[in-house]
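Let me begin by presenting the structure, written as structure tokens, before commenting on it.
Whatever order the structure lists them in is the order used to number ligands and atoms, beginning at 1.
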Amino acid sequence: MEYLKSIAIFKVYLNILIAKIFHCLSDICSINEAKEISSSDIYRYEANRLGIKIEDEDFAQKLDNQDTLKSFKEKFHFPMVKDVCKCDEQKKNESPVIYMTGNSLGLQPKAIRSELEGYLNDWQRYAVEGHHKGEHPWISIDEEIQESLAQVVGAKPSEVCPMNTLSVNLHVMMSNFYKPTQQRHKIVIEAGAFPSDLYIAESQIRHNGFNPDTSLIKLEPLANEFTISTDRIKSILSEHGESIAMVMIGGVQFFTGQLFDMKEITAFAQSLGAVVGWDLAHAAGNVELQLHDWNVDFACWCSYKYLNSGPGCIGGLFVHERHTREFDSHTDKRLLGWFGNKLANRFKKETIFEAEEGALGFRCSNPSVADCTSLRASLAITNGASIAALRAKSLLLTSYLETLLLSIKGDHSFSIITPRDPTQRGAQLSLHIGGKVSAAKLKVSLLNAGVVCDVRDPNVIRVSPAPLYTSFTDVKNFVNILIKSLSE
Ligand SMILES: Cc1ncc(COP(=O)(O)O)c(C=O)c1O
């Protein structure tokens, strides 16, 4: 019965997904006609209906014409092939690259330059008085962004704040929430987590006098698999039960592109008594998040990937409001700094610490105004498009990429290690390159042909069509170039 019920729920979910996808293509598709079609068949279905092949240029062009977000591409600077390729002088050209690396570093929004100039002008004109003068007084430069950050991660504005950078914020949150005892001391993390996250978990365990050999539990996929199912995660969590103090996983896995069921995993781990935190580096701006409603304890992310704020720019932090209602500076584990204190106390000689409301109370230092300025400008673009519309386009774009990749004939050997189910992935597809082809060499060959994507060991190319600035024609051209490069 349970099995039948979950199939029924999945069908309903799939229909919602298809409805969402078709919202973008309402002129060329009918939701009713599509009800019985699985999402990965959408393109084949539509191409058949139009009497053209998915592989035809016209098809990509048609999808671009229907794209309600197509004007957003104009808001970004694209590198020129001549500036990034490693090819001969005569092959270098003035055309923009096809950028498939928004999962690593987003492109520069054109609007950021003038915003930064505004900040430099204020600094030149007002110097220290800039804290309280100008269009964006520096004293509240981060508070100004709370509302837009909250929209991106599905939170209340007071639950989020831009601060520090991702790894530092993970330390800040773990210092606060990791309270190991002899009975409950384990941290659960993905075996293939981003290296920084592994170092952070290990060092937090040591700082608290425990040993990573016995206190760090790594979620391993099954043999010969790259991804890990929710059921397997739950079964590992059950195995360790009440010895788990904290679960800290990447919402979208940086290597495989797998999107975890954050709601389900959070609820399950919390039912065992664990605190649950998410590293949302690859999720923020990529997929829809409802951190408040999912009752997540804490989350941290960077803003330079799908949020396009610039390399190393300020990170973001979420703390559920239920954790910040009460605070006692004498007993709490929170790391304190003057900016977490209420404004009125900040310069007082007596050490009176009354935490600022919500996430703001976790600040230690004053925020970088340059960073907050960049982030404000880039978030305006993301929220201008809206996360819901971006995700709807992204589902289409990535499915289109997948469909074209799967239609490649011949002995080009690669496999897609990202889940095939669109609800279990974001914008990224990771291609495990097989045979004798080296992913590193393939990357150079793609770069010389005008495509930017990245490589991760073992022999994986990550390809990420970011919906803000990638067109369906870009995806089509990318696949054509990939076919050529693979056969070279
Ligand atoms: C999943 C993940 N976690 C952590 C980090 C580290 O980020 P930062 O250098 O901003 O601390 C990255 C960086 O790319 C990442 O992808």
Exercise. Salt bridge check: are Glu190 and Lys218 linked by an N-O gap of less than 4.0 Å?
Worked result: no

Exercise. Do Lys186 and Ser243 have side-chain atoms, one donor and one acceptor, less than 3.5 Å apart?
Worked result: yes

Problem set entry | Listed once per pair and sorted, the salt bridge (charged side-chain N to carboxylate O under 4.0 Å, His left out) pairs that draw on residues 105-120, sequence neighbours left out | Glu115-Arg376

For this session: Take Asp261 and Lys263 through the test salt bridge (charged side-chain N to carboxylate O under 4.0 Å, His left out) and record every step on the way to the result.
Result: CA-CA 6 Å; Asp261 188 336; Lys263 184 180 176 189; over 6 Å; no

Problem set entry | Gln270: partners by side chain to side chain donor-acceptor pair (under 3.5 Å), with sequence neighbours left out | Asn295, Asp297

Every pair of nitrogen or oxygen atoms between ligand 1 and the protein that is under 3.5 angstrom apart - can you list them with their distances to 0.1 Å?
unit_1	atom_1	unit_2	atom_2	d
ligand 1	3 (N)	Asp197	OD1	3.3
ligand 1	3 (N)	Asp279	OD2	2.7
ligand 1	7 (O)	Tyr304	OH	3.1
ligand 1	10 (O)	Tyr304	OH	2.6
ligand 1	11 (O)	Ser167	N	2.8
ligand 1	11 (O)	Ser167	OG	2.6
ligand 1	14 (O)	Lys305	NZ	2.9
ligand 1	16 (O)	His282	NE2	3.1

Exercise. Which residue pairs pass the side-chain hydrogen bond (donor to acceptor under 3.5 Å, both in side chains) test with at least one member in residues 70-80, sequence neighbours excluded?
Worked result: Lys73-Asp474

